[in-house]
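Reviewing the structure listed below.
All heavy atoms count here, side chains included; hydrogens, waters and symmetry mates do not. Predicted model, so just to flag it, every value in this text is computed and none were measured. Proteins come first, then strands; the chains are lettered A, B, ... in the order of their sequence lines, and each starts at number 1.
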There are 2 protein chains.
Amino acid sequence: MIDFVRILIEHNIAPSIQRIKILEYLSKYKTHPTADMIYRELVKQIPTLSKTTVYNTLKTFTEKGLLTALAIFDNEIRYDFNTDQHIHFKCSKCGLVFDLDGSHDTFNEDFIEGHKITEYHINLKGICKNCLKKESK
Amino acid sequence: MIDFVRILIEHNIAPSIQRIKILEYLSKYKTHPTADMIYRELVKQIPTLSKTTVYNTLKTFTEKGLLTALAIFDNEIRYDFNTDQHIHFKCSKCGLVFDLDGSHDTFNEDFIEGHKITEYHINLKGICKNCLKKESK
DNA sequence: TCCATATTTGTAATCATTACAAGAATGAAA
DNA sequence: TTTCATTCTTGTAATGATTACAAATATGGA
Ligand SMILES: [Mn+2]
Ligand SMILES: [Mn+2]
Ligand SMILES: [Zn+2]
Ligand SMILES: [Zn+2]
């Protein structure tokens, strides 16, 4: 059982019910959800939850390094509890986002051509295994 | 002088004034502009230009493989006349998008872990050379 | 308990993009 | 050259994600 309250305190974030639930959701469902997906699920548990709170919380978490914000196609931000370097693949059929942690060699450099690098993302797009299977039938 | 009419015809796109101008703009200004940036520039030349036409045209061009659509941070689509594989870097200070054509080894595989790959993007974020220079003053 | 501060909420605003329908241009057949 | 179907363009309205903002609520220490 992960101690979400401790994680929040360690990141200098006051552990409100909303924040605990949002962090719990992200750690449990590694589907790279959008703010709206998180809202729609959690409002069932917390009927008074506001979508603004979800947005604010996700912003805070990202700024404090607790999450990674992903901008992978289709103009929507997705959130990832896994802040380690890994590769993302989005299926253009079903819309699911998969992790590909292939041991691809990554940039380690802090500077490239004089620019300071703070984030590094590899995003792939295509048709996922499941959708390919359906297609072939 | 590039023959934009020929390029359009070769891609099975009827060469209207609007389409020619949009293609010309993208080939001339390699700044990875958004639809809105293109509109704001071209409406000076074509006062009747509609933003919808810009969006439609960019969609058509992308579908026909004439452009690459980039989703690099901040929820906006940018367009690139250069369809060759290269790396993008967005400065979080000034917002400019730079090309980094570093000979980074890329995926060549058509399939990864069973998923069919159709697009491959490497996006970096950080602070660009120019902004670093300004900061240090 | 009291109070300053942090957090949450709900609504309105914004920004990028898409949907849609009507008008204009095009170009081939008669 | 007229006709007419098709394609393009335009303008406005709608959508969807996100942010701004101000009021209401919760929190934790003095
Ligand atoms: Mn991930
Ligand atoms: Mn580029
Ligand atoms: Zn799929
Ligand atoms: Zn910069």
Side-chain angles (χ1 to χ4, degrees), chain A residues 4-5 8-9 11-25 32-64 66-67 69-79 90 92 95 97, chain B residues 4-5 8-9 11-25 31-64 66-67 69-80 90 92 95 97:
Chain A
F4 298 108
V5 174
L8 289 172
I9 291 171
H11 284 82
N12 286 311
I13 303 167
S16 69
I17 303 293
Q18 293 84 347
R19 287 168 174 172
I20 293 167
K21 287 292 183 188
I22 290 170
L23 188 58
E24 187 183 6
Y25 183 86
H32 313 91
T34 62
D36 191 61
M37 291 171 189
I38 296 168
Y39 171 78
R40 289 202 311 267
E41 278 310 307
L42 292 185
V43 79
K44 296 173 187 169
Q45 293 176 48
I46 313 169
T48 60
L49 182 65
S50 162
K51 202 178 273 188
T52 302
T53 299
V54 177
Y55 276 104
N56 289 341
T57 301
L58 292 170
K59 192 176 188 185
T60 304
F61 285 3
T62 304
E63 284 168 359
K64 303 277 187 176
L66 201 45
L67 299 177
L70 310 176
I72 14 175
F73 310 109
D74 305 307
N75 259 64
E76 62 185 7
I77 300 177
R78 289 166 169 269
Y79 293 89
K90 179 164 185 176
S92 40
V97 174
Chain B
F4 298 107
V5 174
L8 290 172
I9 292 170
H11 284 82
N12 286 311
I13 303 166
S16 69
I17 302 292
Q18 293 85 347
R19 289 169 172 172
I20 293 166
K21 286 292 181 187
I22 290 171
L23 187 59
E24 186 182 9
Y25 183 87
T31 53
H32 312 91
T34 62
D36 192 61
M37 291 171 189
I38 296 168
Y39 171 76
R40 288 203 311 269
E41 278 310 307
L42 292 186
V43 78
K44 295 173 186 169
Q45 294 177 48
I46 313 170
T48 59
L49 182 65
S50 162
K51 200 177 276 190
T52 302
T53 299
V54 177
Y55 276 103
N56 289 341
T57 301
L58 292 170
K59 192 176 190 184
T60 303
F61 285 4
T62 304
E63 284 168 359
K64 303 276 187 177
L66 202 43
L67 299 177
L70 310 176
I72 15 176
F73 312 110
D74 304 307
N75 260 63
E76 60 184 9
I77 300 175
R78 289 166 169 268
Y79 293 88
D80 199 341
K90 179 164 184 176
S92 38
V97 174

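For A:Ser16 and D:dA26, a side-chain-to-base donor-acceptor distance below 3.5 Å is absent, hydrogens and geometry of angles not being considered. The base of D:dT12 sits within donor-acceptor range of the side chain of B:Thr52, with an N or O pair under 3.5 Å. Within 3.5 Å, no donor on the side chain of B:Thr48 pairs with an acceptor on the base of D:dT9, nor the reverse.
In this entry the distance linking NZ of B:Lys51 with P of D:dT10 reads 14 Å, nearest Å. Rounded to a whole Å, the CG atom of B:Leu8 is 16 Å from the C1' atom of C:dT26. Remark: P of C:dA25 and CD1 of B:Ile17 are 12 Å apart, rounded to the nearest angstrom. As rounded to whole Å, 10 Å separates atom P of D:dA20 from atom CG of A:Asn56. Rounded to a whole Å, the CZ atom of B:Arg40 is 12 Å from the C1' atom of C:dC15. Per the geometry, CE belonging to A:Met37 stands 10 Å off P belonging to D:dT18, to the nearest Å. When the P atom of D:dA17 is taken as reference, atom CD1 of A:Ile77 falls 12 Å away, rounded to whole Å. Taking atom CG of A:Asp36 as the reference point, atom P of D:dT19 lies 14 Å away to the nearest angstrom.
At the heavy-atom level, B:Thr34 lies nowhere under 4.0 Å from the strands shown.
Of the listed nucleotides (C:dT7, D:dT18, D:dT9), D:dT18 has the atom at the smallest distance from the side chain of A:Ala35. Comparing C:dT17, D:dT18, D:dT9 against the side chain of B:Gln18 picks out D:dT9 as the nearest.
Taking every heavy atom of both residues into account, A:Tyr25 and A:Pro33 meet most closely at CE2-CG, 3.9 Å. Taking both residues in full, the closest heavy atoms of B:Ile22 and B:Val54 are given as CD1-CA, 4.0 Å, listed atom of the first, atom of the second, then distance.
Nearer to the 5' terminus of DNA chain D, by closest-nucleotide assignment, is the contact made by B:Arg19 (compared with the other of B:Arg19 and A:Lys59).
Contact between the side-chain N/O atoms of A:Tyr55 and the OP1/OP2 oxygens of D:dT19 is not found at any separation under 4.0 Å. For A:Ser50 and C:dT8, the shortest distance from a side-chain N or O to OP1 or OP2 is not below 4.0 Å.
Checked by atom type and distance alone, the side chain of B:Arg19 never pairs as donor or acceptor with a backbone atom of B:Thr57 at under 3.5 Å.
You'll find the side chain of A:Met37 reaches within 4.5 Å of the side chain of A:Thr34, heavy atoms only.
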